[in-house]
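Notes for the one structure printed next.
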Amino acid sequence: MRQTTGQITRLGTLKTLLQRFAFLSLIALTFALMLIGKADTVLVERARIAITDAVVPILRVLSEPANAIAETIANVRELAAIREQNSSLRDANERLLQWQSIAQRLEAENRSLKALLALVPEPNATFVSARVVGDTGGTFAQSVLITAGSGDGVGKGDVVMTGEGLVGRVLQAGMHSARVLLITDINSRIPVVVGEAGNRAIMVGDNGLRPRLLYVGAKTVVVPGDKITTSGDAEAFPPGLQIGRVARVQDGVVEVEPYMSRDKLQHVRVVNYGLSGILGSPSAALESPK
Amino acid sequence: MHQTTVWQKFDFVARRCVPLTITIFLLLFSMVPLHLPGVPSLAPMYTLMAVYFWSIYRPEGFGYGAAFAVGVLEDLLVGTPLGSSALALLICQWLVFNQQKFFSNRPFLEVWLAFAVVTIGTGLVRWFCAGLIGAGGFAPLGDTAGSIVLTIVGYPVIGWLLARAQMKMMSQP
């Protein structure tokens with residue numbers, strides 16, 4: 001009997017030791033992973049792409065009910081406001097017809113001026129539409145997963161937009177899925193133009209709802225309501241893409257309210273402008289320290 | 001007779017995998033966009049809730065290896081610096097395993113209070129790791145604090161769901 005109790009005690013001690021060994025080994029492995037993440041970004045990126053490609057089909061199925069509910073709510077809302085919307089659309093249509101005639105005249109003028117200058121045309125942008133099936137939360141990273149990848153023509157660095165404005169850039173493209181780094185992510189850096197005066201700045205995300213402006217000129221006056229668009233510097237984004245407007249200026253901190261609303265991100269347009277700027281490869285931007 | 005033994009073995013392994021499977025599904029569900037207007041960008045740490053729950057109530061079915069695997073999967077899927085979630089989850093589990101005596105037959109309120117302490121600690125570890133390893137630097141601490149509060153508030157609901165799921169799956173003949 002005494003022998004049996006001794007055996008049980010020894011087994012218990014062995015189990016505790018093994019558990020402790022497992023814990024310490026896994027902690028060491030975690031630190032090793034952190035180092036690998038810093039040193040070999042290509043390997044980690046490949047792992048992320050493989051996991052994303054495997055999980056997106058599951059997320060696609062899981063997100064169906066939420067999508068259906070969101071669409072039903074949107075339909076009911078639209079129905080309720082249909083009369084009001086109809087009259088405002090008539091007004092908008094009249095205004096747009098006037099603009100159309102102006103645009104046609106300007107297009108003709110533009111064409112003749114380009115011919116006069118013998119301007120080399122820019123490559124046409126191509127785009128792919130995709131559904132958002134995964135949202136990574138937000139406290140520690142701000143990215144979404146979409147249902148189009150390199151097999152559908154999506155490439156790393158492509159610009160992602162909705163009708164409202166800029167959403168972000170493709171960070172990793174798998175075969176049939178891609179990860180989009182949102183403009184609100186802490187790793188996002190976008191060269192922008194502030195207001196009508198055309199002052200340059202860099203818009204930086206902080207994982208919150210409102211990105212901030214950095215490197216605003218000392219003499220630049222920024223007021224709430226100023227529009228923010230991409231500047232086209234560094235050829236990461238084409239110039240003139242709508243991003244948002246200045247929401248608050250306090251103690252030198254300029255906060256931007258993006259036009260894109262994250263809760264409405266159901267479908268996005270992934271556009272390839274054929275740009276190959278220094279920010280074209282997001283991993284390169286991630287590798288370099290701030 | 002032999003067939004029954006194999007089936008029993010399979011059943012045993014499947015039951016052991018229940019906590020890990022449910023935790024991975026919880027992680028996937030947490031990533032589904034709900035399109036609810038006005039939902040803040042903050043999100044609770046669902047995997048932390050699950051790891052804490054299983055470490056107390058099913059330690060034999062959810063060891064350090066499982067917590068590590070969930071953490072690495074979360075880092076790869078969510079896009080956080082590799083290793084940051086895994087470290088936070090391992091620390092959470094180590095704290096629970098080291099206080100097994102405290103947790104045995106404790107009322108829920110005390111388990112919840114202990115969860116609040118664990119969440120604050122591990123949430124800060126995650127924030128610190130993400131800031132230290134991530135290229136973007138340290139995020140404002142306010143958002144992490146918000147996420148910690150959401151995690152603490154959400155634990156009773158997720159804990160209840162996990163307990164229900166466990167009872168349902170374990171009671172199958």
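Bear in mind that the values here come from a model prediction, so they are computed numbers and not experimental data. Naming: A, B, ... by sequence-line order, numbering from 1 per chain. Side-chain atoms are counted along with the backbone in the values below, which use heavy atoms only and exclude waters and symmetry mates.
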Compile the donor-acceptor pairs under 3.5 Å between side chains in residues 154-161 of chain B and protein atoms, sequence neighbours left out, one pair per line.
none

Options Ser188(A), Ala70(A), Gly134(A), Gly37(A), ranked by heavy-atom pairs under 4.5 Å with chain B, top entry: Gly134(A)
Best-contacting candidate, Ile51(A), Leu62(A), Ile27(A), Ile73(A), against chain B by heavy atom pairs under 4.5 angstrom: Leu62(A)
From Thr122(B), Asp75(B), Thr47(B), residue fulfilling side chain to side chain donor-acceptor pair (under 3.5 Å) relative to Ser85(B): Asp75(B)
Contacting region of Tyr46(B) [heavy-atom separation from chain A under 4.5 Å]: neither
Chain A contact via Pro81(B) - side chain, backbone, both or neither, heavy atoms under 4.5 Å: backbone
Distance-only side-chain donor-acceptor flag, Gln172(A) / Arg46(A), under 3.5 Å: no
Any donor-acceptor pair under 3.5 Å from Asp53(A) side chain to Met175(A) backbone: yes
Check: Met45(B) main-chain N/O paired with Thr151(B) side-chain donor or acceptor under 3.5 Å: yes
Contact check, side chains of Val180(A) and Ser143(A), non-hydrogen atoms, under 4.5 Å: no
Give, as side chain, backbone, both or neither, the part of [X] having an atom under 4.5 angstrom from any heavy atom of chain B.
| X | value |
| --- | --- |
| Arg179(A) | side chain |
| Ile36(A) | neither |
| Val55(A) | side chain |

